[in-house]
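One structure is given below, encoded as C-alpha cells.
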Number of protein chains: 2
Amino acid sequence: MLTIGKLGEAAGVKVPTIRYYEQIGLLPEPDRSAGNQRLYGQSALDRLAFIRHARELGFPLDAIRDLLSLSDEPDQSCAAADVIAKKQLTTVKARIVRLTALKAELERMITQCAQGTVADCRVIEVLSDHSHCAQDHRTSGAAE
Amino acid sequence: MLTIGKLGEAAGVKVPTIRYYEQIGLLPEPDRSAGNQRLYGQSALDRLAFIRHARELGFPLDAIRDLLSLSDEPDQSCAAADVIAKKQLTTVKARIVRLTALKAELERMITQCAQGTVADCRVIEVLSDHSHCAQDHRTSGAAE
DNA sequence: TCTTGAAGCTATAGCTACTAGAGACCTTAG
DNA sequence: CTAAGGTCTCTAGTAGCTATAGCTTCAAGA
Ligand SMILES: [Zn+2]
Ligand SMILES: [Zn+2]
Ligand SMILES: [Zn+2]
Ligand SMILES: [Zn+2]
C-alpha cells in the first residue's frame with residue numbers, strides 16, 4: 001500500500017494534483033489508514049499513470065474521464081476511444097497551424113525592427129495594426 | 001464618442017472583455033455619460049485594438065501591459081519591446097515543438113488501432129504506458 | 001519513551017483570460 | 001409614452017491545477 005506521497009512519486013504526479021483528481025471524481029476515494037491518511041494500491045497507480053500520460057498527450061480531463069470508463073469495459077468496441085483520440089489529434093493539428101502562423105508573424109516583426117526608438121519600432125507598429133501582418137493569424141475557434 | 005458596445009464592435013472585442021480589461025487596469029477608466037454609461041474616444045479604440053492584436057499573437061496580458069506602457073514613451077529605446085517579442089517567439093516555438101511530438105504520437109496510436117475491442121485497442125494501450133511511445137513528449141516547462 | 005521533522009489532513013484562495021447570468025437602470029425609435 | 005435593447009454592478013463559473021494556513025499523524029533517532 002502506498003501513501004499519497006509515494007503514489008505521486010511513482011506516477012510523477014504532485015500530491016495536491018492527486019487530491020484534486022479525487023475531488024473531481026477522476027480517482028476513486030481510497031481506503032484510509034487508522035489515522036485517516038489515504039492508502040493506495042496498484043490499481044490506483046495504474047489509473048493515475050494513465051491519467052498522467054493522457055494529460056501529457058494533451059487530452060482534457062473530460063476526455064480522460066471518458067477514456068477511463070471505456071477502459072473499464074474491455075469487451076466493448078473501441079470505436080469511442082478512437083473517436084476521442086482523433087478529436088484530440090484534430091485539436092493538436094489546429095493548434096500547430098495557428099502557432100506556425102504566429103511564429104511567422106513574430107519572426108517578421110522581430111527581424112524588421114531596426115533597434116531604434118519605440119516610435120520607430122516595428123514590433124510596436126505591427127501590434128498596433130494587423131494590416132502590417134502578412135498572414136491572417138486571427139483566432140478561429142480553437143483556444144490558443 | 002463610442003458606447004461600450006460600439007467600441008467592442010469596432011475593435012472586435014466583446015463587451016464583458018472590455019470591462020474586464022478596465023478592471024485589471026489594462027484600459028483606463030473612461031468618462032461616463034450622465035446616466036453612468038461608459039464613453040470612449042479614439043485613443044481607447046487604438047489601445048483596445050493593440051491589445052486585441054497582441055492577444056491574437058498569443059502575448060499574455062502581462063506582456064501586453066508592458067508593451068503598452070513602452071508605447072506610451074516613443075522616445076525610449078525599443079529594446080525592451082523586442083525582448084518581449086523574442087520571448088513570445090521562444091514560447092511559440094517551444095509549443096510547436098511539443099505539439100508536433102504529440103501529433104506524431106497520436107497519429108501513431110490511431111493508425112495502429114485495429115478497431116476491435118477495448119481490450120485490444122492501441123489507443124488505450126499506449127495511454128496506459130508511455131514506453132509504447134516512440135518519442136519523449138513529456139512536459140518540460142511550457143504550458144501545453 | 002520522547003522528540004523532532006517530514007508528510008499528511010481539510011479548507012480556502014489564487015492563477016489566466018475570460019464568459020455567463022441576475023436584476024436593475026438608461027437610451028432611443030416609433 | 002412605451003417597448004426593446006443596450007448598459008450597469010456583482011457574483012460565480014470555466015480548466016487544471018497550485019499555494020497557503022493551521023492542524024494532525026507517522027517514522028526514525030536518542
Ligand atoms: Zn523594436
Ligand atoms: Zn496581425
Ligand atoms: Zn482502438
Ligand atoms: Zn508517451
Side-chain angles (χ1 to χ4, degrees), chain A residues 1-27 29-40 44 48 50-68 87-88 91 95 98 139 141-144, chain B residues 1-27 29-40 44 48 50-68 87-88 91 95 98 139 141-144:
Chain A
M1 289 300 227
L2 299 166
T3 62
I4 196 169
K6 297 295 175 191
L7 177 72
E9 209 173 314
V13 175
K14 288 178 190 149
V15 167
T17 305
I18 297 173
R19 288 197 277 247
Y20 170 70
Y21 288 162
E22 178 184 327
Q23 190 193 314
I24 63 169
L26 212 54
L27 287 176
E29 293 187 21
D31 293 336
R32 301 282 184 134
S33 73
N36 197 36
Q37 302 197 348
R38 291 170 179 81
L39 289 179
Y40 298 93
L48 184 54
F50 185 102
I51 296 171
R52 195 213 163 179
H53 195 209
R55 285 294 299 133
E56 286 170 349
L57 286 163
F59 287 89
L61 292 181
D62 269 3
I64 296 174
R65 195 187 301 271
D66 292 345
L67 288 167
L68 281 168
K87 192 177 158 203
Q88 174 62 12
T91 301
R95 283 194 192 157
R98 174 152 154 68
T139 316
E144 180 227 342
Chain B
M1 290 300 231
L2 299 165
T3 62
I4 196 169
K6 297 294 176 191
L7 178 72
E9 208 173 317
V13 176
K14 287 177 191 151
V15 167
T17 306
I18 298 172
R19 288 197 276 248
Y20 170 71
Y21 287 162
E22 179 184 327
Q23 190 192 316
I24 63 168
L26 213 53
L27 287 176
E29 292 187 20
D31 293 337
R32 299 282 184 136
S33 73
N36 197 37
Q37 301 196 349
R38 290 170 179 82
L39 289 178
Y40 297 94
L48 184 54
F50 185 101
I51 295 170
R52 196 214 162 179
H53 196 209
R55 284 295 298 132
E56 286 171 348
L57 287 163
F59 287 90
L61 292 181
D62 268 3
I64 295 175
R65 195 187 301 271
D66 293 345
L67 288 166
L68 280 168
K87 192 178 158 202
Q88 174 63 13
T91 301
R95 283 193 191 159
R98 174 151 154 68
T139 316
E144 181 225 342

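Each chain gets a letter, A, B and so on, in the order its sequence line appears, and its residues count up from 1.
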Practice item. For the pair A/His53 and A/Leu57, evaluate side chain to side chain contact (heavy atoms under 4.5 Å, CB included) and give the outcome as yes or no after the intermediate values. Key: CA-CA 6 Å; A/His53 195 209; A/Leu57 286 163; 4.0 Å; yes
Review point. Heavy-atom distance under 4.5 Å between the side chains of B/Ser33 and B/Met1, does that happen here?
Key: no
Revision key, fill the gap. Result for 5'-nearest mapping on DNA chain D, choosing between A/Pro16 and A/Gly35, is A/Pro16
Practice item. Would you indicate whether the side-chain heavy atoms of B/Ile18 and B/Tyr40 approach each other to under 4.5 Å? Key: yes
Practice item. Calculate the interatomic distance between B/Ile18 atom CD1 and C/dC18 atom C1'; express it in whole Å. Key: 13 Å
**Study point:** side-chain N/O A/Lys14 vs D/dC17 OP1/OP2, d < 4.0 Å
**Key:** no
Check your understanding: Looking only at side-chain N and O atoms, does B/Ser33 come under 4.0 Å of OP1 or OP2 in C/dT27?
Key -> yes
Review point. Within the pair B/Thr17 and C/dA17, is there a side-chain N or O less than 4.0 Å away from OP1 or OP2?
Key: no
Check your understanding: Once you round it to whole Å, what is the distance between C1' of D/dC8 and CD of B/Glu22?
Key -> 12 Å
Check your understanding: Side chains of B/Arg38 and B/Arg32: does their closest heavy-atom pair fall under 4.5 Å?
Key -> yes
Review point. For A/Lys6 and D/dC26, what is the distance between atoms NZ and P respectively, to the nearest whole Å?
Key: 16 Å
Practice item. Would you mind reading off the distance between A/Gln23 atom CD and D/dG16 atom C1', rounded to a whole angstrom? Key: 11 Å
Review point. Can you check whether B/Arg19 has a side-chain N or O nearer than 4.0 Å to OP1 or OP2 of D/dC8?
Key: yes
Check your understanding: Reckon A/Arg32 has a side-chain N or O less than 4.0 Å from the OP1 or OP2 of C/dT10?
Key -> yes
Exercise for review: Report yes if a side-chain nitrogen or oxygen of B/Arg38 is closer than 4.0 Å to either non-bridging phosphate oxygen (OP1 or OP2) of D/dT9; otherwise report no.
Suggested key: yes
Study note, to complete from the structure: Whole-Å distance, B/Gln37 CD to C/dA24 P, equals 17 Å
Exercise for review: In whole angstrom, give the distance that lies between atom CE of A/Met1 and atom P of C/dG8.
Suggested key: 15 Å
Check your understanding: How close or far is atom C1' of D/dT9 from atom CD of B/Glu29, stated in whole angstroms?
Key -> 13 Å
Exercise for review: Verify the contact: side-chain N or O of B/Tyr21 to OP1 or OP2 of C/dA17, cut-off strictly under 4.0 Å; return yes or no.
Suggested key: no
Revision key, fill the gap. Between B/Val15 and A/Tyr20, the residue closer to the 5' end of DNA chain D by nearest nucleotide is B/Val15
Review point. In whole Å, what is the span from the CG atom of A/Leu7 to the P atom of C/dC9?
Key: 11 Å
Review point. Taking OP1 and OP2 of C/dG8, is either one under 4.0 Å from a side-chain nitrogen or oxygen of A/Thr3?
Key: yes
